[in-house]
Amino acid sequence: MANNTGSTNGGNPDPPPPFEPQTVKFSAANALRLSMLANAAYLEENGAKTAANNLGLPNFIWIDLSDQIDNLYGFVAGCSEYAVLSFRGTAKFQDWMTNVNAAPARFSWFFEGAPEAGEVHTGFAMAVRHSWDKIKDAVNFVSPPPSKPPDSTTSQPTLWLTGHSLGAALAVVCGAALSMVNPVRLVNGIYTFGQPRIGLYNFCGHYDQLLRLQTFRFVNKEDLVPRVPFRGWDYADLGCMIHFNNNDEPVLQSSQWRNFLSRSIESFKEFFDIATHFGVDVGDHDYRQYENLVATHQSELDALFA
């Protein structure tokens with residue numbers, strides 16, 4: 001178990017609990033550390049590097065993805081036990097929810113050698129594909145792939161992905177590409193916060209066959225971003241959702257969330273509300289709220305999976 005601790009400036013002043021790099025199950029401690037690293041992606045490069053170092057991850061590479069979407073960045077940070085790939089969200093809703101960008105296209109079109117796994121959001125997939133070589137190079141530099149197949153007696157460094165908002169969507173697309181395109185990289189966990197939908201039903205079914213047990217989506221109250229792109233466009237959810245209800249309690253299969261989803265979409269009105277009030281630090285979508293909720297409900301979160 002990694003014992004390095006630290007803190008970002010995300011509103012949680014106490015050192016987080018130790019990270020569990022070898023676990024294959026949900027970990028509240030890991031969720032907190034990953035929420036802090038998701039929020040660190042909103043800092044400038046030096047601030048993110050300092051935050052990662054304070055969390056015991058001294059090896060660091062900044063990734064510039066702004067050629068595809070303005071002000072979009074990520075980083076890989078790691079130590080001898082594990083590495084984390086984290087992406088920033090964006091305050092510009094129109095960057096990824098225009099009709100062109102939200103149109104689905106086959107996953108195999110974006111990633112050479114990928115199986116016919118269904119259709120994904122064009123904007124998210126293009127943002128990753130455009131920078132895929134630099135993303136892979138950064139991951140492999142910070143956390144080199146094993147030179148030989150691991151055996152049961154040797155612990156290998158593990159790889160974790162995280163992000164908030166658009167950054168969460170990019171983390172999931174990267175998880176899919178790392179898991180479906182040779183050479184495959186094993187992904188121990190993908191923890192996302194305020195993640196929009198990234199694919200149609202066919203893709204999400206294929207994804208869940210591979211990564212559902214490693215993917216945990218956190219949704220805060222009535223955060224609207226996880227509702228888009230709309231189900232009426234044949235987009236679907238994936239992974240395991242953890243919903244913080246109106247009492248700030250973490251719940252699986254939340255009835256409040258189901259009721260929220262069951263409301264008929266007044267398409268233009270609701271789309272307009274999301275587009276005009278969108279912000280990575282606004283309302284229930286605020287990235288700082290996600291970190292604080294995970295930090296203050298550690299025992300309740302672990303109890304969900306006991």
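Remember, it's a predicted structure, so these values are computed and weren't measured experimentally. Residue numbers count from 1 along this sequence.
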Would you say that [X] contacts [Y] through its side chain, given a criterion of any heavy-atom pair below 4.5 Å between the two side chains?
| X | Y | result |
| --- | --- | --- |
| T162 | I190 | no |
| V181 | E112 | no |
| M180 | L210 | yes |
| R185 | S143 | yes |
| H121 | P229 | yes |
| P104 | V120 | no |
| P157 | E81 | no |
| R88 | S165 | no |

With sequence neighbours excluded, residues passing side-chain contact (heavy atoms from CB on, under 4.5 Å) with V142: N59, I61, V76, A83
If you count the non-hydrogen atoms of other residues, nucleotides and ligands that lie under 6.0 Å from NZ in K25, is the total more than 12? no
Just wondering, more than 12 heavy atoms not from F305 lying within 6.0 Å of its CZ?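 It does: F305 CZ has more than 12 such atoms within range.
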Is [Y] reachable from [X] through a run of I, L, V, M, F, W or Y residues, each pair having side-chain heavy atoms under 4.5 Å apart?
| X | Y | value |
| --- | --- | --- |
| V184 | V139 | no |
| M126 | I63 | yes |
| L211 | V24 | no |
| F141 | F87 | yes |
| V172 | Y201 | no |

If only side-chain N and O atoms count, and only distance matters, is there a donor-acceptor pair under 3.5 Å linking [Y] with [X]?
| X | Y | value |
| --- | --- | --- |
| Y287 | S35 | no |
| D223 | Y290 | yes |
| T192 | Q195 | yes |

In Å and rounded to the nearest 0.5 Å, what is the [atom1] to [atom2] distance from [X] to [Y]?
| X | Y | atom1 | atom2 | result |
| --- | --- | --- | --- | --- |
| D208 | L238 | CG | CG | 5.5 Å |
| I69 | H130 | CD1 | NE2 | 10.5 Å |
| Y235 | E119 | OH | CD | 8.5 Å |
| F111 | N182 | CZ | CG | 14.0 Å |
| L32 | L301 | CG | CG | 9.5 Å |
| S179 | H206 | OG | NE2 | 10.0 Å |

Answer yes or no: is there a donor N or O on one side and an acceptor on the other, between the side chain of [X] and the main chain of [Y], under 3.5 Å?
| X | Y | answer |
| --- | --- | --- |
| N245 | N247 | yes |
| R33 | P17 | yes |
| N53 | K49 | no |
| N188 | L159 | no |
| T122 | A103 | yes |

Tell me, with the steps shown, if T215 and Y207 meet side chain to side chain donor-acceptor pair (under 3.5 Å). CA-CA 10 Å; T215 303; Y207 178 97; 2.7 Å; yes
Of all residues at least two apart in sequence or in a different chain, which pass the salt bridge (Lys or Arg N to Asp or Glu O under 4.0 Å) check with E44?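 Residues passing salt bridge (Lys or Arg N to Asp or Glu O under 4.0 Å) with E44: none at all.
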Please list, chain by chain and in numerical order, all residues satisfying salt bridge (Lys or Arg N to Asp or Glu O under 4.0 Å) with D248, sequence neighbours excluded. K221
What closest approach, in Å, do [X] and [Y] show between heavy atoms, and which atom pair accounts for it?
| X | Y | value |
| --- | --- | --- |
| I242 | P250 | CG2-CB, 4.1 Å |
| A52 | A77 | CB-CB, 3.7 Å |
| A28 | V294 | O-CG1, 4.3 Å |
| L252 | L304 | CD1-O, 3.8 Å |
| E20 | N30 | N-OD1, 2.8 Å |
| F75 | A40 | CE2-C, 4.0 Å |

What do the steps show when you test D67 against S131 for side-chain contact (heavy atoms from CB on, under 4.5 Å), and what is the final call? CA-CA 9 Å; D67 286 347; S131 301; over 6 Å; no
Under the side-chain contact (heavy atoms from CB on, under 4.5 Å) rule, what do F193 and E291 come out as? Steps first, then yes or no, please. CA-CA 9 Å; F193 307 90; E291 180 183 324; over 6 Å; no
Are the aromatic ring centres of Y82 and F19 under 6.0 angstrom apart?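 So the answer is yes for these two rings.
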Is there a side-chain contact (heavy atoms from CB on, under 4.5 Å) between L72 and L170 once you walk through the steps? CA-CA 11 Å; L72 182 60; L170 302 187; 3.6 Å; yes
Given W160 and T158, is the side chain to side chain donor-acceptor pair (under 3.5 Å) satisfied, shown in steps? CA-CA 7 Å; W160 303 77; T158 55; 2.9 Å; yes
side-chain contact (heavy atoms from CB on, under 4.5 Å) between S27 and Y191, worked out: CA-CA 10 Å; S27 166; Y191 287 59; 4.3 Å; yes
Determine the interplanar angle of the F60 and W62 rings, folded into 0 to 90°, and report it as parallel if under 30°, tilted if 30 to 60°, perpendicular if over 60°. parallel
Over 60° means perpendicular and under 30° means parallel, so tell me whether F218 and F244 are parallel, tilted or perpendicular.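 Because their plane-to-plane angle is under 30°, the rings of F218 and F244 count as parallel.
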